[in-house]
Amino acid sequence: MTATGTFGLSTEARNLQWLLGNLVEEVPGVRSVAVVSSDGLLLLSSDPAAQQSTTAAAEAGRPDGPRGSSADLATIVSGIGSLTIGAARLMDGGGVKQTMVAMEEGSVFVMSISDGSLLGVHATPDCDMSVVAYHMALFVGRAGHVLTPEVRSELRKSMESTQ
């Protein structure tokens with residue numbers, strides 16, 4: 001996971017990092033994950049290429065994330081989130097709960113977190129979409145009440161110090 005480690009982080013921030021790491025490690029087909037604040041800033045990310053060499057990632061059966069890694073995934077998640085929120089307003093559709101984009105070589109899932117933040121997942125084309133969505137919903141349920149303004153600020157600073 002791309003983060004500064006646990007030294008100096010609150011228990012809540014460390015727990016969110018742990019939850020994100022589990023999402024990537026435990027759900028088959030997940031390539032990378034990002035949590036983006038409502039204003040589009042990367043709060044948490046899991047970037048397999050940053051944790052291990054490309055060779056080791058390939059041997060583990062987990063391909064690299066999008067080009068540019070976590071920054072690109074955060075940009076994609078923020079853009080998709082903004083687009084779907086705007087579409088829902090135009091259609092009087094209410095709040096957007098989840099968006100999924102299926103491509104030939106993978107899928108991108110975006111799910112709203114209660115504070116306006118977004119959880120984004122980049123997955124393989126053969127992933128079980130219902131399993132990915134289920135685990136995303138678990139993450140959102142556990143993380144939603146923890147993402148206070150203080151924790152978001154702490155996570156932002158943590159991400160900035162690693163880049």
Side-chain angles (χ1 to χ4, degrees), residues 1-3 12-51 62-156 158-159:
M1 181 157 43
T2 305
E12 293 84 2
R14 287 193 312 269
N15 286 343
L16 287 172
Q17 288 179 334
W18 181 82
L19 284 171
L20 191 88
N22 268 359
L23 181 61
V24 172
E25 300 285 326
E26 302 296 324
V27 182
V30 171
R31 290 180 171 163
S32 58
V33 180
V35 175
V36 181
S37 67
S38 58
D39 54 359
L41 296 174
L42 181 63
L43 298 177
L44 285 170
S45 78
S46 175
D47 188 354
Q51 293 180 42
R62 189 176 301 279
D64 291 340
R67 278 179 289 144
S69 66
S70 57
D72 281 351
L73 182 58
T75 302
I76 292 164
V77 168
S78 182
I80 290 172
S82 179
L83 179 65
T84 56
I85 289 168
R89 281 188 194 130
L90 286 172
M91 297 177 181
D92 293 326
V96 177
K97 294 180 181 180
Q98 181 177 344
T99 305
M100 198 274 298
V101 179
M103 303 166 283
E104 289 179 12
E105 298 300 323
S107 298
V108 175
F109 301 81
V110 179
M111 189 173 284
S112 298
I113 300 176
S114 63
D115 72 332
S117 299
L118 300 167
L119 171 65
V121 172
H122 177 217
T124 60
D126 60 342
C127 72
D128 185 332
M129 293 179 190
S130 62
V131 170
V132 173
Y134 172 75
H135 284 278
M136 288 177 71
L138 287 177
F139 179 92
V140 166
R142 293 174 180 153
H145 69 282
V146 177
L147 272 173
T148 63
E150 295 81 19
V151 172
R152 284 194 306 269
S153 177
E154 181 181 2
L155 291 169
R156 266 190 217 137
S158 173
M159 289 303 297

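Fair warning: this is a prediction, and the values are worked out from it, not measured in the lab. Positions are given from 1, in the same order as the sequence printed here.
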Are more than 12 heavy atoms from other residues, nucleotides or ligands located less than 6.0 Å from atom CE of Met103?
yes
Would the distance check show the side chain of Ser112 and the main-chain N or O of Val96 forming a donor-acceptor pair, the cut-off being under 3.5 Å?
yes
With a 3.5 Å distance limit and no angle check, can you tell me whether Ser158 reaches the backbone of Glu154 through a side-chain donor-acceptor pair?
no
Listing, residues 76-85 side-chain donor-acceptor contacts under 3.5 Å, not counting sequence neighbours, or none:
unit_1 : atom_1 : unit_2 : atom_2 : d
Thr84  : OG1    : Ile80  : O      : 3.0
Thr84  : OG1    : Gly81  : O      : 3.1

Step by step, would you call Ile113 with Leu118 a side-chain contact (heavy atoms from CB on, under 4.5 Å)?
CA-CA 5 Å; Ile113 300 176; Leu118 300 167; 6.0 Å; no
Between Asp39 and Arg152 (salt bridge meaning N to carboxylate O under 4.0 Å), is one present in this structure?
no
Going through the distances and angles, do Phe139 and Leu20 end up as a side-chain contact (heavy atoms from CB on, under 4.5 Å)?
CA-CA 8 Å; Phe139 179 92; Leu20 191 88; 4.1 Å; yes
Within-4.5 Å side-chain heavy-atom neighbours: Leu155 and Leu147:
yes
Shortest non-hydrogen separation from Ala143 to Leu16 and the atoms involved
CB-CD2, 3.4 Å
Which pairs, with at least one residue in residues 130-143 and sequence neighbours excluded, count as a side-chain hydrogen bond (donor to acceptor under 3.5 Å, both in side chains)?
Asp128-Ser130
All heavy atoms of Val27 vs all of Val131, minimum pair found to be CG1-CG1, 4.1 Å
Shortest non-hydrogen separation from Leu42 to Ala34 and the atoms involved
CD1-CB, 3.8 Å
Can you tell me how far the OG atom of Ser46 sits from the CZ atom of Arg31, to the nearest 0.5 Å?
13.5 Å
Any chance you could lay out the side-chain contact (heavy atoms from CB on, under 4.5 Å) test for Met129 and Ser107, step after step, and finish with the verdict?
CA-CA 9 Å; Met129 293 179 190; Ser107 298; 3.9 Å; yes
Say you draw a straight line from CG of Leu119 to CE of Met136; how long is it, rounded to the nearest 0.5 Å?
4.0 Å
Compare all side-chain heavy atoms of Asn15 with those of Val146 and state whether any distance is below 4.5 angstrom.
no
Answer whether the closest heavy-atom distance between the side chains of Ser37 and Arg156 falls below 4.5 Å.
yes
Could you go through the side-chain contact (heavy atoms from CB on, under 4.5 Å) check for Leu43 and Ser117 one step at a time?
CA-CA 9 Å; Leu43 298 177; Ser117 299; 4.0 Å; yes
